[in-house]
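Everything on this sheet refers to the single structure shown next.
In this text the structure is predicted, and so the values were computed from the model without any measurement. One-based numbering, in listed order, for ligands and for the atoms of each.
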Amino acid sequence: MTPDDERLLRRAIALANQARADGHAPYGSLLAGPDGAVLVEAHNTVRADRDISAHPELKLARWAARELDPDTAAATTMFTSCQPCQMCAGAIARSGLGRVVYALSADQHDELHPGGGFPGVPQEGPALYEEARVPVDGYY
Ligand SMILES: [Zn+2]
C-alpha cells in the first residue's frame, strides 16, 4: 500500500463517516484512475432508496461498466471503507475493475456488527436441462 493508496482509502473512510452523519449506513467508496485522480464517489443509500443493492461498491462497479471502456476500467482502483460483500464482489468482477483496496475486512466488520449477516436461501437445481439449455445454447 502506497501513501497515495492510504490517502484515497482515507477519503473512502471520510465518505463513510459523512454517510453516517447524514443518516445513511456507514459505508463509502471511490474509484480512482491510474493517476490517482478520483473519478467518482459513492456512499450507501440502502435506507433512503429502499434498495438493497444501493451499496457504494455496486454503484461504482455499475458506473464503470457503463461509462468506461474495458482498458480504462482495468486501470482503475476502487477504494472502499469495508471489504466488498459478495453481491458487490460479483459486480466488481463483472465490471472489469483493476484492483480493490479496502479498509475494514469482512471479519473486522462482523466483529463491529455482530449478527449482521444474512441467512442463506435454499436453492434447488439444476433441473429441466434439455428445456433450459435451449435459450442459452449457441448464444455465445
Ligand atoms: Zn456490498
At what distance, to the nearest 0.5 angstrom, does CZ of Arg62 lie from NE2 of His55?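 Answer rounded to 0.5 Å: 13.0 Å.
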Given the side-chain rings of His109 and Tyr102, with only the six-membered ring counted for Trp, is the space between their centroids under 6.0 Å?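 Ring centroids of His109 and Tyr102 are no less than 6.0 Å from each other.
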Checking Glu111 side chain against Gln108 main chain: does a donor-acceptor pair fall under 3.5 Å?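 Between the backbone of Gln108 and the side chain of Glu111 there is no qualifying donor-acceptor contact (under 3.5 Å).
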Check step by step if salt bridge (Lys or Arg N to Asp or Glu O under 4.0 Å) holds for Asp5 and Arg99. CA-CA 11 Å; Asp5 287 344; Arg99 179 171 165 243; 2.6 Å; yes
Thr76: which residues meet the side-chain hydrogen bond (donor to acceptor under 3.5 Å, both in side chains) condition with it, sequence neighbours left out?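 Thr76: no side-chain hydrogen bond (donor to acceptor under 3.5 Å, both in side chains) contacts found.
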Show all protein N/O/S atoms under 2.8 Å from the Zn ion (ligand 1), or state that there are none. His55 ND1, Cys85 SG, Cys88 SG
Sole candidate of Val100, Leu15, Leu60 that passes side chain to side chain contact (heavy atoms under 4.5 Å, CB included) when paired with Thr80: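 Testing each of Val100, Leu15, Leu60 against Thr80, the sole residue satisfying side chain to side chain contact (heavy atoms under 4.5 Å, CB included) is Val100.
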